[in-house]
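Comments concern the structure below.
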Amino acid sequence: MEDPYTAQHLLVEAEALRRDVEDAKLGSEAAAEAFRIRFLGQRSGSVTTLFKRIPELPPSARRQAGITLNSLRKRVQERLLAARSSLEARRTSPEQRIDLTLPGRRQREAGSVHPLTHVLRSITGIFERLGFSIEDGPEIEDDWHNFTALNFPPDHPARDMQDTLFLEASGDVMLRTHTSPVQIRSMLTGKPPFRIIAPGRVYRNETITYKSYCLFHQVEGLVVDEDITMADLKHALYMFAGAFFGSDVRLRFRPSYFPFTEPSAELDVWWDLSGGGRWMEILGSGMVHPNVLESVGIDPERYSGYAFGMGVERLAMLQYGIEDIRILYENDIRFLSQF
Ligand code: PHE
């Protein structure tokens, strides 16, 4: 025959259960539910089972056993309540949510200046030191400013060289194809002498290749005064090229044609490439055509001037050894973070 179940037995078992209750880990909803069933489950929860044995105790011991088991049950319920409310808080407040499977947080990348911005700043800096001031003009232009006042008559074949992106079927509104319309706007709003540059974005419907894109940047230059000659133009451009590329730069001044300058010339820079090199055109230039001065009401008998327009992307490619213009617009951090 079995020994009778005594208050002593029950207290020892209750004590062991209390330790298990305190040690249990309740880190998830499932763990909390398993914990509840293990201790308080109706059928075989271990605290429930001890309650069921109270009737086996001598009547004098039952009251104390009841008090002990009630306090144990209360402790189980407290732990459940605490676990559920912290699980709930973790679910609803993002700052307390910790997902150990996520990759570590990275430091935010520091931004850097775009290579075209570097080049624009150094070009404008050089010309400011040569006494030029900076002008601005709209990117949406009309035919008169972009072409007609610059001595491109309607249907002049030179318009074909500037594949224009028109914004209206009439052909009168367009994205400017060059910064030269700023020459016109500046001369209309002031009086000679002029000594300005105009940096900005221009647009052409060109076939996209390693050296041309549908938008790019130019810096226009214009000097109008008495007695300005081609020697002044050449001097300014050579000063610029020496300051920008260094005094050992190789330059080539080559005759060209633009309707708004006469005579006209382009400036080429020797482009050292891996496995050779070639000449790269960086700007168009020339003496301001008398028709242009007349179109803005300046007397060409008294004033003369020179103008130039340089391609900023070309300068950036030469400066940094970039062999494909398109990388300047791709916004690839691996490229941009090098500047
Ligand atoms: N506007 C010309 C171009 O975009 C460049 C240029 C500017 C040429 C000023 C002469 C004088 O091709």
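Counting convention: from 1, in listed order, for ligands and their atoms alike. Computed from a predicted model, the values in this text were never measured in an experiment. In this chain, residues are counted from 1 in sequence order.
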- Task: Answer with yes or no whether Y306 contacts ligand 1, where contact means a heavy atom under 4.0 Å from a ligand atom.
- Result: no

- If the plane angle is over 60° it's perpendicular, under 30° parallel, otherwise tilted; pick one for F339 and H118. tilted

- Using a heavy-atom cut-off of under 4.0 Å, does the side chain or the backbone of S180 touch ligand 1, or both, or neither? side chain

- Task: Using a strict cut-off of less than 4.0 Å between a Lys/Arg side-chain nitrogen and an Asp/Glu carboxylate oxygen, indicate whether K211 and D324 qualify as a salt bridge.
- Result: no

- Under the side-chain contact (heavy atoms from CB on, under 4.5 Å) test, which residues partner E168, sequence neighbours left out? S170, V173

- Query: Of the listed options (E220, E266, R204), which comes nearest to atom 4 (O) of ligand 1 when hydrogens are ignored and any heavy atom counts?
  - Reply: R204

- Task: May I ask you to check whether H178 has an N/O atom sitting below 3.5 Å from an N/O atom of ligand 1?
- Result: yes

- Any residue meeting side-chain contact (heavy atoms from CB on, under 4.5 Å) with R129, in chain and number order, not counting sequence neighbours: I126

- Query: For I134, does the CD1 atom sit with more than 12 other heavy atoms under 6.0 Å from it, leaving out its own atoms?
  - Reply: yes

- Query: With a cut-off of 4.0 Å, which atoms of ligand 1 are near a heavy atom of F308?
  - Reply: 7 (C), 9 (C), 11 (C)

- Is the W270 ring parallel, tilted or perpendicular to the W279 ring (thresholds 30°, 60°)? perpendicular

- Interfacing atoms of ligand 1 (cut-off 4.0 Å, heavy-atom, Q218): 3 (C), 4 (O)

- Which ligand 1 atoms, with their elements, are less than 4.0 angstrom from a heavy-atom of G309? 6 (C), 7 (C), 9 (C)

- With a cut-off of 4.0 Å, which atoms of ligand 1 are near a heavy atom of T261? 10 (C), 11 (C)

